[in-house]
Amino acid sequence: MTSPHRTGALSAHSPRPGRWLALSVLVLAVLLVAVDATVLGLATPFLSEDLKPTGNELLWIGDIYSFVLAGLLVSMGSLGDRIGRKKLLLTGAVAFGGISVLNAYATTPGMMIVARALLGVAGATLMPATLALIRNIFHDPRERSLAIGIWGAMASAGAAVGPVVGGFLLEHFWWGSVFLINLPVMAVLVVVGARTLPESKNPDPGPWDLLSVGLSLVGIIGVVYAVKEAASHGFAWDVPVVGVAGAAALCWFVRRQLTLPSPLLDMRLFHHRGFSGAVLADLLTILGLSGLVFFLSQYLQLVQGRGPLESGLAELPAAVGAVTAGLLAGKAARRYSVRSVVAGGLGAIGVCLAALTGISQTTGYPMFGAVLLIVGVGAGLSFTVTADVILSSVPSEHAGSASAVSETAYELGAALGIALLGSIVTGVYRDFPTPPGVPAATASAAHESLGGAVDAAGALPGTLGAELLASARDSFVDGLRLASGVGAVVLLATAVAAWFLLRGQKLEDGPVEAATH
């Protein structure tokens, strides 16, 4: 076996052949997971018509994927460190493709819920493995920064392209097609990845603690479920019980990691101020942004009357900004500083969210296009640099665990953001005044959601439907303005926190040692 020192010396002068082709394989996996996370929202109306789920079943179909994904990221990242990240990635890719077929041909709501949960298990193997492999393929820090920029750019592009692809497929095929597009991508990933990806893992990993896996899964799912249920339906008796149980499981998880000789997650990583600051910045940024992303699609379709494909195309400036900024972020952080690039990007997003507090039903697209472009630039700068900081803060043998922490912060931030900001929008929306003459049952359905108001208005005679819909839209926009203001405060506060937490943090410049494998 080549010694670490000798490998490190070689890496400075002899970069790994085929590393950029290997990166293209990793990018495919990221692109697919990002697209899959966004296409389901567009397919939900068609799926509902076919499978006829209850309201509760529909919520589980939408939520279970992210619940399981968030709960297993740390465990799967640690498993990749132990058995090999390439092995985990390719196995997960095959599983993701097979389970996608199960999703496409689900015949009952129960079958769909199980299929989405299994897809979350497979998805949890992909994201940490891709970022960890980048850490071990690119030994030169400047090349690694560019690779992380491309990785992040594709994640952003996938989230934006998802609605466009989904809108096209749903206009021409049945709803299951949004899952079957995974198959050819996964086939390419497995065939090319088996030939080009190097294997890497922790040379002395220790056992995989199954109790810690269970505690992590129960803890994160419990906390996320409690927050989302409380925001959507209030504090029924089960919500605090599940939330407290989840928090207790997470506390037990942390205490257990501190006592294990080979922990699932090395808690000492959080002693590094740059690592902790980058993780916190990611979580709070997604928390503040997710409400905008979630409700902006509804605004474009249900308030301004755009179709699914047009709405997807309208959101593309965010992807353009994120891709461009992600590719330049590493160079900018080295020329100026890590904290100025991260804090500047977050501050720009905060200012854009503040600008959205002035929107109305008739706000023109140029304003939205400009806001989305700047939001994309800010996100591309901050997320790329924080990912680089997180990876460079840890030894290469812990790259999987560190990547998983970064992804878990992203998933938790998204769940908490949609729940908390969603509760603001929903709370304001449900108080809209009902025009006189609207039947009680129709009014009740209209107050449940803006989509319900659109359906209810269509069933009312004369101008009564138009009055109901105008009132509902006004209230929805009021809620969106308030949520944007709260998101702006969160982002601006996060920018200030990042300025102090990332003080003195720098991206590596010289060659680093490769991991032994």
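For clarity, every value in this text was computed on a predicted model and none was experimentally measured.
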Quiz prompt | Considering all heavy atoms, the nearest Leu69-Gly120 contact | solution = CD1-O, 3.6 Å

Quiz item: So, do Ile134 and Leu23 sit near enough that their side-chain heavy atoms are less than 4.5 Å apart?
Solution: yes

Self-check item: Non-neighbouring partners of Ser212 that pass side-chain hydrogen bond (donor to acceptor under 3.5 Å, both in side chains), sequence neighbours left out
Solution: Asp209, Gln257

Quiz item: Does any N or O in the side chain of Thr125 come within less than 3.5 Å of the main-chain N or O of Ala122, such that one atom is a donor and the other an acceptor?
Solution: yes

Exercise. Using side chain to side chain contact (heavy atoms under 4.5 Å, CB included) as the criterion, list what pairs up with Val114, not counting sequence neighbours.
Key: Leu118

Practice problem: Identify the heavy atoms of Val25 and Gly193 that sit nearest to each other, and give their distance. | Solution: CG1-CA, 3.7 Å

Practice problem: Locate the shortest heavy-atom distance separating Ala124 from Leu72; write the atom from each residue and the value. | Solution: CB-CB, 3.8 Å

Self-check item: Heavy-atom check, side chain of Met76 versus side chain of Val121, under 4.5 Å
Solution: yes

Quiz item: What's the spacing between Leu346 CG and Leu381 CG if we round to 0.5 Å?
Solution: 9.5 Å

Quiz item: Can you check whether Val213's main-chain N or O pairs, donor with acceptor, with Ser216's side chain at less than 3.5 Å?
Solution: no

Quiz item: Do Val68 and Arg116 come within less than 4.5 Å of each other through their side chains, counting heavy atoms only?
Solution: no

Quiz item: Do you know the tightest heavy-atom contact between Ala115 and Ile99?
Solution: O-CG2, 3.4 Å

Self-check item: Closest non-hydrogen atom pair, Gly123 against Phe96
Solution: N-CD1, 3.8 Å

Quiz item: At their closest point, which heavy atom of Val185 faces which heavy atom of Ile181, and how far apart are they?
Solution: CG2-O, 3.7 Å

Quiz item: What distance separates Ile148 CD1 from Ile390 CD1, expressed to the nearest 0.5 Å?
Solution: 9.5 Å

Practice problem: Determine yes or no for a side-chain-to-main-chain donor-acceptor pair under 3.5 angstrom, with Asn182 supplying the side chain and Phe179 the backbone. | Solution: yes

Quiz prompt | Non-hydrogen side-chain atoms of Leu215 and Leu250 separated by less than 4.5 Å | solution = no

Exercise. May I ask you to test the Leu480-Leu356 pair for a side-chain heavy-atom distance under 4.5 Å?
Key: no

Exercise. Quick one: list whatever passes ring-ring contact (aromatic ring centres under 6.0 Å, His included) with Phe275, sequence neighbours left out.
Key: Phe270

Quiz prompt | Counterpart residues, salt bridge (Lys or Arg N to Asp or Glu O under 4.0 Å), relative to Arg473 (two or more places apart) | solution = none

Practice problem: Go through the structure and list residues passing ring-ring contact (aromatic ring centres under 6.0 Å, His included) with Phe253, not counting sequence neighbours. | Solution: none

Self-check item: Residue that, paired with Leu126, satisfies side-chain contact (heavy atoms from CB on, under 4.5 Å) out of Leu189, Leu89, Leu88, Leu26
Solution: Leu89

Practice problem: Check for a donor-acceptor pair, side chain of Tyr365 on one end and backbone N or O of Ala314 on the other, with a separation under 3.5 Å. | Solution: yes

Quiz item: Hey, what do you get for CD1 (Ile286) to CZ (Phe383), rounding to the nearest 0.5 Å?
Solution: 3.5 Å

Exercise. Output all residues satisfying ring-ring contact (aromatic ring centres under 6.0 Å, His included) with Phe432, sequence neighbours left out; order by chain, then residue number.
Key: Tyr429, His447

